[in-house]
Amino acid sequence: DQQVKQNSPSLSVQEGRISILNCDYTNSMFDYFLWYKKYPAEGPTFLISISSIKDKNEDGRFTVFLNKSAKHLSLHIVPSQPGDSAVYFCAASGSGNTPLVFGKGTRLSVIA
Amino acid sequence: SQTIHQWPATLVQPVGSPLSLECTVEGTSNPNLYWYRQAAGRGLQLLFYSVGIGQISSEVPQNLSASRPQDRQFILSSKKLLLSDSGFYLCAWDRGQNTEAFFGQGTRLTVV
């Protein structure tokens, strides 16, 4: 049973345009959500997070939106740059000291 | 500042051989520690996590085991490797509830 779903395995965007990566979750107990970026043969690096008490969090070119009623979150990257090309993982955790649950990832390709 | 070390970076092992992957964290105390595996098309799968010395929770039944002999040391082991154990293994740590996890650089394990 997949609790965190990233239904788009890949996304291709032109440089300078907006990249929108989507993530859905099924567990209503999740209250903390994160996005990670991963290059090949490297560990994932933390990008941005959002608590369930918020619906938006912004950090430079990256903005995460949370829609709790729809159990959906998205990551917006604007403007997209070629260096943003990587696999992006959505993750979530619930109350208590519980591990992060990851989606399968979306491969973003930013074309110059 | 905190750092996480994971080694080796790559490993080729024959079927039936033992395995020992080590991970250490510096600059923090009493971290939560995790072992994840990334297999093709399957995202980041949580294998084990630990909230303290000697405390190990297993998420997926398999022929792997984990140990935490010291506060900042996490070891992934196997007595006899299977071909299906091939993958990219990642160690991670965090400070607890609603905090981001930080990943090591990963170990590419190929069982031949």
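Each chain gets a letter, A, B and so on, in the order the sequences are listed, and its residues count up from 1. Basis for what follows: all heavy atoms, side chains included, without hydrogens, waters or symmetry-related copies.
Residues B/I75 and B/V25 fall into different hydrophobic clusters, defined by Ile, Leu, Val, Met, Phe, Trp and Tyr side chains chained together at heavy-atom separations under 4.5 Å. Linking Ile, Leu, Val, Met, Phe, Trp and Tyr whenever their side-chain heavy atoms come within less than 4.5 Å leaves B/V12 and B/L109 in two separate clusters. Cluster annotation: B/W93 and B/L21 are assigned to the same hydrophobic cluster (Ile/Leu/Val/Met/Phe/Trp/Tyr, side-chain heavy-atom contacts under 4.5 Å, transitive). A continuous path of Ile, Leu, Val, Met, Phe, Trp and Tyr side chains, each step under 4.5 Å between heavy atoms, connects A/W35 with A/V101, placing both in one hydrophobic cluster. Hydrophobic clustering of Ile, Leu, Val, Met, Phe, Trp and Tyr side chains at less than 4.5 Å, counting indirect connections, unites B/L47 with B/L33.
Looking at A/L100 and B/Y34, their side chains never come closer than 4.5 Å, going by heavy atoms from C-beta outward.
Here the closest non-hydrogen pair linking A/E42 and B/F88 is O-CE2, 3.5 Å.
Heavy atoms closer than 4.5 Å to chain A are found in the backbone of B/T99, but not in its side chain. Using a 4.5 Å cut-off between heavy atoms, B/Q6 makes no contact with chain A at all. Proximity to chain A involves both the backbone and the side chain of B/N98, based on heavy atoms less than 4.5 angstrom apart. With a 4.5 angstrom heavy-atom cutoff, B/L90 touches chain A only via side-chain atoms.
Ranking A/P9, A/A41, A/G94 against chain B, the residue ahead of the rest is A/A41, based on heavy-atom pairs under 4.5 Å.
The contact list for residues 44-76 of chain A toward chain B, using heavy atoms and a distance under 4.5 Å, reads A/P44, A/F46 by residue number.
Applying side-chain contact (heavy atoms from CB on, under 4.5 Å) to A/P99 and the options B/V51, B/N32, B/D94, B/L46 leaves one that passes, B/L46.
Annotation for A/E15: atom CD counts as buried by contact number, over 12 foreign heavy atoms lying within 6.0 Å.
For the atom pair OH (A/Y36) and CZ (B/F103), the distance works out to 5.5 Å, reported to the nearest 0.5 Å.
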